[in-house]
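Values in this document were obtained by computation on a predicted structure and should not be read as measured data. Residue indices begin at 1 and follow the sequence shown.
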Amino acid sequence: MQRVVVRLALIAGWAFALAGCGIADSRSPVPEFMRSQAAEPPPPEPPPDVKRLVREKLDSVFLAAANPRHVRVSPPHREVRGAGWTACVRAELTSVIGKPLGAETYRLVINSGTIIDRRRAEADDNCASESYEPI
């Protein structure tokens, strides 16, 4: 009889200990049905309206002194490393002293409908092979 009481006390102790810890996480060494499920990734962000973003935030892409003309944008593409989007922007620019610089291309990083980064496009950005539309 004493063994039964000891076993019940141990079982109750383990039950209280597990209840105090909450549900075991997805990597714990408990059976599958006792593990908490891993959080589902957030749904993918819809493609941004690059034309509208560049039109509204032209000063964040090009300096006002550069007098950007014939501004064109490429369609957005999912960022390879991350949840954001990338797009290319091309425009005819002028230097500070008024000398034409020609067409310059920039790569934009867009996240949550906001331009978070811009830099001059490089060969590995594939901006040269993009199709562009005027804004």
### Query
With sequence neighbours left out, which residue pairs that include part of residues 42-89 fulfil the disulfide bond (SG atoms under 2.5 Å apart) condition?
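Output for this query lists Cys88-Cys127.
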### Query
Going from CD1 on Ile115 to OG on Ser60, what distance comes out if it is rounded to the nearest 0.5 angstrom?
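Answer rounded to 0.5 Å: 4.5 Å.
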Is any side-chain heavy atom of [Y] closer than 4.5 Å to one of [X]?
{"X": "Thr114", "Y": "Lys57", "answer": "no"}
{"X": "Ser112", "Y": "Glu45", "answer": "yes"}
{"X": "Thr86", "Y": "Ile110", "answer": "no"}

#### Entry: ring-ring contact (aromatic ring centres under 6.0 Å, His included) partners of residues 108-135, not counting sequence neighbours, each pair once
none
Can a salt bridge be assigned to the pair [X] and [Y] using a cut-off of 4.0 Å between side-chain N and carboxylate O?
{"X": "Arg107", "Y": "Asp117", "result": "no"}
{"X": "Glu133", "Y": "Arg72", "result": "no"}
{"X": "Arg120", "Y": "Glu104", "result": "yes"}

Donor-acceptor pairs are to be reported for all side-chain atoms of residues 62-70 against protein atoms at under 3.5 Å, with residues two or more places apart or in another chain.
| from | atom 1 | to | atom 2 | distance (Å) |
| --- | --- | --- | --- | --- |
| Arg69 | NH1 | Asn67 | O | 3.0 |
| Arg69 | NH1 | Thr94 | OG1 | 2.9 |

### Query
Is there a chain of hydrophobic side chains (I, L, V, M, F, W, Y, each step under 4.5 Å between heavy atoms) that links Val50 to Ile116?
no
### Task
Verify the cluster assignment for Val89 and Val109: are they in a single hydrophobic cluster under the rule of side-chain heavy atoms below 4.5 Å apart?
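Val89 does not cluster with Val109.
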### Query
If only atom types and distance count, is the side chain of Arg118 paired as donor or acceptor with the main-chain N or O of Leu108 below 3.5 Å?
no
### Query
Just by modelled atom types, is the Ser74 backbone N or O under 3.5 Å from a matching donor or acceptor in the Glu130 side chain?
no
### Task
Could you pull out the closest heavy-atom pair between Pro48 and Pro76, with the gap in Å?
O-CG, 3.8 Å
### Summary
Here the pair of heavy atoms bringing Lys51 nearest to Pro134 is CE-O, 3.7 Å
### Task
Might you confirm whether atom CZ of Arg119 has over 12 heavy atoms from other residues, nucleotides or ligands at distances under 6.0 Å?
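Count over threshold, so yes.
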#### Entry: Chi angles and distances behind the side-chain contact (heavy atoms from CB on, under 4.5 Å) call for Arg78, Trp85
CA-CA 5 Å; Arg78 280 228 175 266; Trp85 295 83; 3.5 Å; yes
